[in-house]
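Encoded as C-alpha cells, the structure appears first; notes follow it.
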Amino acid sequence: MEAKPFCAHCEVHCFKAEERAWNRQMMRYAGPRSLTRGFARQAARHFAGSVRTRIRRLRNRT
C-alpha cells in the first residue's frame, strides 16, 4: 500500500478549500520557524518526500 502524499500533491483532498488555504497560510509562518526549533530532520524528510512525489508524477506522465 502506498503512503498518502502531502496535501499539496494529493489528487483527493480530505479538507475543504478554506481549510487547505488556512493550512498553507499557517505553514508559511510556522514552517521556517520550525527549522530553528529542533525540527530540521522532519523538514528535510518532508522536502525529500515532496521531491519524490514530483518525480513519480513526472515518470507516470510519459
Side-chain angles (χ1 to χ4, degrees):
M1 185 163 113
E2 189 174 333
K4 184 183 181 310
F6 303 119
C7 291
H9 304 291
C10 191
E11 295 173 7
V12 180
H13 295 292
C14 301
F15 300 106
K16 296 176 187 174
E18 299 85 29
E19 292 179 60
R20 287 197 322 265
W22 183 85
N23 282 334
R24 260 193 310 275
Q25 181 182 2
M26 181 265 307
M27 285 309 295
R28 281 190 191 124
Y29 174 82
R33 285 160 182 77
S34 67
L35 291 174
T36 61
R37 292 185 170 88
F39 295 99
R41 281 188 188 158
Q42 287 91 340
R45 271 188 173 159
H46 184 77
F47 179 74
S50 180
V51 170
R52 266 187 253 120
T53 301
R54 289 180 183 163
I55 289 171
R56 278 190 207 126
R57 280 203 176 162
L58 288 173
R59 285 182 183 165
N60 290 338
R61 285 185 185 176
T62 58

Q | F39-F47 co-clustered via ILVMFWY side chain contacts under 4.5 Å | A |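 In one cluster with F39: F47, no.
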Q: Check whether any side-chain N or O of T53 sits under 3.5 Å from a backbone N or O of G49 as a donor-acceptor pair, and report yes or no.
A: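 Between the backbone of G49 and the side chain of T53 there is a qualifying donor-acceptor contact (under 3.5 Å).
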Give every donor-acceptor pair under 3.5 Å between a side-chain atom in residues 25-38 and any protein atom, sequence neighbours left out.
unit_1, atom_1, unit_2, atom_2, d
R33, NH1, Y29, O, 2.6
S34, OG, G31, O, 2.6
T36, OG1, R33, O, 2.9
R37, NH1, R33, O, 3.4

Q) Taking only residues two or more places apart in sequence or in another chain, which ones pass side chain to side chain contact (heavy atoms under 4.5 Å, CB included) with E19? A)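 Listed in chain order: F15, K16.
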